[in-house]
Amino acid sequence: RMRTILSSWTAVTHRNNEFDVVTANILADVIMPLSKEIAQHIKHGGVFITSGIIDMKEEAVKKTIMENPEFDIVDVSHQGDWVSITAVRR
């Protein structure tokens, strides 16, 4: 069974829930600070899927996600100039 919640970052941070999957299809300049704080809202073993990253920002986003000790990057996908990075919470 899956329950889907469409929410803003502000609403997510004010909830006391942990989610199985969090997606962020937004610019790299938003994903990078988000990746420093979102882990506490993802269950252990849960997935953080990012997209909307222009290829010239790929390395910066990967570096920021890897700096969070809660995440392991498990996939990087490319479609034209766009990048998606998927991480799992430890």
> Considering all heavy atoms of both residues, which atom of Ile73 and which atom of Met66 are nearest to each other, and what is their separation?
Replying inline: CD1-CG, 3.6 Å
> Who pairs with Asp55 by salt bridge (Lys or Arg N to Asp or Glu O under 4.0 Å), at least two apart in sequence or on another chain?
Replying inline: none
> Under 3.5 Å, is there a donor-acceptor pair linking the side chains of Ser35 and Asn68?
Replying inline: no
> To the nearest 0.5 Å, what is the distance between CD1 (Ile42) and CZ (Arg89)?
Replying inline: 7.5 Å
> When clusters are formed by joining ILVMFWY residues with side-chain heavy atoms under 4.5 Å apart, either directly or through shared neighbours, do Ile54 and Ile65 land in the same one?
Replying inline: no
> Sequence neighbours excluded, which residues qualify as side-chain contact (heavy atoms from CB on, under 4.5 Å) partners of Glu67?
Replying inline: Lys63
> Looking at Glu70 and Arg90, does any basic side-chain N land under 4.0 Å from a carboxylate oxygen?
Replying inline: no
>> Within this structure, what is the NE2-CG distance for the pair His41 and Leu34, rounded to the nearest 0.5 Å?
In response: 9.0 Å
In residues 80-87, what donor-acceptor pairs under 3.5 Å come from side-chain atoms, sequence neighbours left out?
from, atom 1, to, atom 2, distance (Å)
Ser84, OG, Thr50, O, 2.8

>> My understanding is that only residues two or more places apart in sequence, or in another chain, count here; which of them pass side-chain contact (heavy atoms from CB on, under 4.5 Å) with Asp29?
In response: Met32, Lys57
>> Enumerate the ring pair (Phe, Tyr, Trp, His ring centres under 6.0 Å) contacts for residues 51-73, please, sequence neighbours excluded, ordered by first and then second residue.
In response: Phe48-Phe71
> Partners of Lys36 by salt bridge (Lys or Arg N to Asp or Glu O under 4.0 Å), sequence neighbours excluded?
Replying inline: none
> How far apart are the closest heavy atoms of Pro33 and Val30, and which atoms are they?
Replying inline: CD-O, 3.3 Å
> So, His44 versus Glu18: side-chain donor-acceptor pair below 3.5 Å or not?
Replying inline: no
>> Test of understanding: with side-chain hydrogen bond (donor to acceptor under 3.5 Å, both in side chains), list the residues that count as partners of Thr23, not counting sequence neighbours.
In response: none
> Between Ile31 and Ile53, which heavy-atom pair has the shortest distance, and what is it?
Replying inline: CD1-CG1, 3.7 Å
> Who are the side-chain hydrogen bond (donor to acceptor under 3.5 Å, both in side chains) partners of Glu59, not counting sequence neighbours?
Replying inline: Lys62
>> Which residues end up grouped with Val47 if you chain together Ile, Leu, Val, Met, Phe, Trp and Tyr wherever their side-chain heavy atoms are less than 4.5 Å apart?
In response: Val21, Ile49, Val74, Val88
